[in-house]
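Source: prediction; values computed, not measured.
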Amino acid sequence: MKVLLFLLLPIAACSQNYADLVKLSYAYSFDSKFENTSESTTVNTLEAGLIFPKVINQKYTFISGLNFDFNNLMLYSDTDRTNLYSTTLRVGIVSNFSEKWSCTIVLLPKVASDYSSITSDDFYIGGFAILKKKKSNNLFYRYGLYTSSEAFGMTFTPILGFYFVSPNDKFEADISLPVAANLNYNYGKVSLGFDYFGIERSYNLEPENSLNTYVEQNRWEFAGYLQFNKLYKNVLLRLKLGYAHNEHKVFENGDKVNFKFIAFAFGDDRTRLNPKMNGTLFAKVEFIYRIYFD
């Protein structure tokens, strides 16, 4: 669900006066131990996101973009490391109904697997709709729903949140639960902050020993960060350190849940094929290209 982070922001329609058009990040999760074994794995994660807003008129803005992520880790305690890839296209529109109300609707088709060979099992489709209400020049609320087809079945996530910036533009709170939360205070050249985001997605795997499997990724990150606001023109640098709940569950293809609502799985009688992974500390570096509207 992290792909939502780039599109939950308003496009100059409400109080927020910027948009992050490019995000690049690399994260390293330290030893995540496999339960009931002496083995552990590190997790390397590379992510890139682009968004291209195109203003049609005062009421409509067209959105296109691309998101790519790469994960490298051991899925079992006694095997080689596995590469997991996901490429997501974003196509949508922002509609401004009035000075107070706007809506964002985005379609999210993607290809997610180990990319050993691309088949129809690697394709998934999702989307979300976000309704925003401007309360004041410093505050707006958001209400929405995200849904996606995944290897484990359909998932549905309601989104509730708000954006607030203090009158002096120093303190900022950007909340979209249960997907993301970001609190920060601007000291001029640097900002200090805390953020959270949650990921739930799946990757199809190349058949091994005649067994077709997939990975269900459940990752929740909690981190404090130091942000350099003037690294180079519109480029920001963010250094993070925190804790990640880091699960990559392997199941046989066709072993699905009825549906998922937020993190709750209904009709889940699947048989997990790999051991449980414990949470771990992680470090992350992010580069952000930000444009301002004022």
Tell me whether K276 forms a cation-pi arrangement with F34, defined as NZ or CZ under 6.0 Å from the six-membered ring centre and within 45 degrees of its axis.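 So K276 doesn't make the cation-pi contact.
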Honestly, is R219 close enough over F282, meaning NZ or CZ under 6.0 Å from the six-membered ring centre and within 45° of the axis?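 Geometry flag: set, cation within 6.0 Å and 45°.
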[Y] ring center within less than 6.0 Å of [X] ring center:
{"X": "Y185", "Y": "Y187", "answer": "yes"}
{"X": "F30", "Y": "Y28", "answer": "yes"}
{"X": "F259", "Y": "F266", "answer": "yes"}
{"X": "F251", "Y": "Y214", "answer": "yes"}

Flag, side chain of [X] to backbone of [Y], donor-acceptor distance under 3.5 Å:
{"X": "S98", "Y": "W101", "answer": "yes"}
{"X": "D114", "Y": "L84", "answer": "no"}
{"X": "S40", "Y": "D31", "answer": "no"}
{"X": "D69", "Y": "E47", "answer": "no"}
{"X": "N278", "Y": "S32", "answer": "no"}
{"X": "N246", "Y": "L281", "answer": "no"}
{"X": "R142", "Y": "I175", "answer": "yes"}

If hydrophobic clusters are built from ILVMFWY residues whose side chains come within less than 4.5 Å, do [X] and [Y] share one?
{"X": "L108", "Y": "M154", "answer": "no"}
{"X": "L75", "Y": "L273", "answer": "yes"}
{"X": "Y225", "Y": "Y196", "answer": "no"}
{"X": "I63", "Y": "I93", "answer": "no"}
{"X": "L131", "Y": "I105", "answer": "no"}

Hey, could you give me the [atom1]/[atom2] distance between [X] and [Y], rounded to the nearest 0.5 Å?
{"X": "N184", "Y": "L226", "atom1": "CG", "atom2": "CG", "answer": "11.5 Å"}
{"X": "N67", "Y": "L89", "atom1": "CG", "atom2": "CG", "answer": "10.5 Å"}
{"X": "T155", "Y": "Y146", "atom1": "OG1", "atom2": "OH", "answer": "7.0 Å"}
{"X": "N71", "Y": "N83", "atom1": "CG", "atom2": "CG", "answer": "9.5 Å"}
{"X": "S77", "Y": "E35", "atom1": "OG", "atom2": "CD", "answer": "12.0 Å"}
{"X": "M74", "Y": "T42", "atom1": "CE", "atom2": "OG1", "answer": "9.0 Å"}

Could you tell me whether [X] and [Y] make a salt bridge, using a distance below 4.0 angstrom between a side-chain N and a carboxylate O?
{"X": "R290", "Y": "D20", "value": "yes"}
{"X": "E252", "Y": "R272", "value": "no"}
{"X": "K256", "Y": "D268", "value": "no"}
{"X": "K240", "Y": "E286", "value": "yes"}

If you take all heavy atoms of [X] and [Y], which pair is closest and at what distance?
{"X": "Y124", "Y": "A112", "result": "CE1-O, 3.6 Å"}
{"X": "K170", "Y": "S166", "result": "N-OG, 3.2 Å"}
{"X": "S25", "Y": "L46", "result": "O-CD1, 3.3 Å"}
{"X": "N186", "Y": "G188", "result": "OD1-N, 2.6 Å"}
{"X": "K134", "Y": "F140", "result": "CA-CB, 3.7 Å"}
{"X": "I199", "Y": "F197", "result": "CD1-CE1, 3.6 Å"}

Does either side chain, that of [X] or that of [Y], offer a donor lying less than 3.5 Å from an acceptor on the other one?
{"X": "Y76", "Y": "E39", "value": "no"}
{"X": "N182", "Y": "D174", "value": "no"}
{"X": "R81", "Y": "N72", "value": "yes"}
{"X": "R90", "Y": "S64", "value": "no"}
{"X": "T61", "Y": "K54", "value": "no"}

Does the plane of the ring in Y85 sit parallel, tilted or perpendicular to the ring in Y115? Use 30° and 60° as the thresholds.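 Judged by the thresholds at 30° and 60°, the geometry between Y85 and Y115 is parallel.
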Do the rings of Y143 and Y141 sit parallel, tilted or perpendicular, given the 30° and 60° boundaries?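 Tilted: the ring planes of Y143 and Y141 meet at 30° to 60°.
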Do the side chains of [Y] and [X] get nearer than 4.5 Å, heavy atoms only?
{"X": "P53", "Y": "L21", "value": "yes"}
{"X": "L66", "Y": "T88", "value": "no"}
{"X": "P158", "Y": "I262", "value": "yes"}
{"X": "V106", "Y": "T104", "value": "yes"}
{"X": "I159", "Y": "L145", "value": "no"}

Scan E247, R201, K249 and name whichever one has a side-chain contact (heavy atoms from CB on, under 4.5 Å) with E216.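 Among E247, R201, K249, the one that satisfies the side-chain contact (heavy atoms from CB on, under 4.5 Å) with E216 is K249.
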Working for side chain to side chain donor-acceptor pair (under 3.5 Å), residues S95 and K59: CA-CA 6 Å; S95 303; K59 287 190 175 183; over 6 Å; no
Is there a ring pair (Phe, Tyr, Trp, His ring centres under 6.0 Å) between F261 and F156? Walk through the geometry before answering. CA-CA 5 Å; F261 184 76; F156 302 88; 7.8 Å; no
Flag if over 12 foreign heavy atoms under 6.0 Å of OH, Y243: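 Counting other residues, nucleotides and ligands, OH of Y243 exceeds 12 neighbours.
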May I ask you to check whether over 12 heavy atoms, not counting those of D80, lie within 6.0 Å of atom CG?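 No, CG of D80 has 12 or fewer neighbouring heavy atoms, counting only those of other groups under 6.0 Å.
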In sequence, state the C-alpha distance, the side-chain angles, and the governing distance for F62 and V91, and then conclude on side chain to side chain contact (heavy atoms under 4.5 Å, CB included). CA-CA 8 Å; F62 176 75; V91 181; 3.9 Å; yes
So if I apply the side-chain hydrogen bond (donor to acceptor under 3.5 Å, both in side chains) rule between Y203 and each of E150, H248, Q217, which one comes out positive?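 Among the candidates, only Q217 passes.
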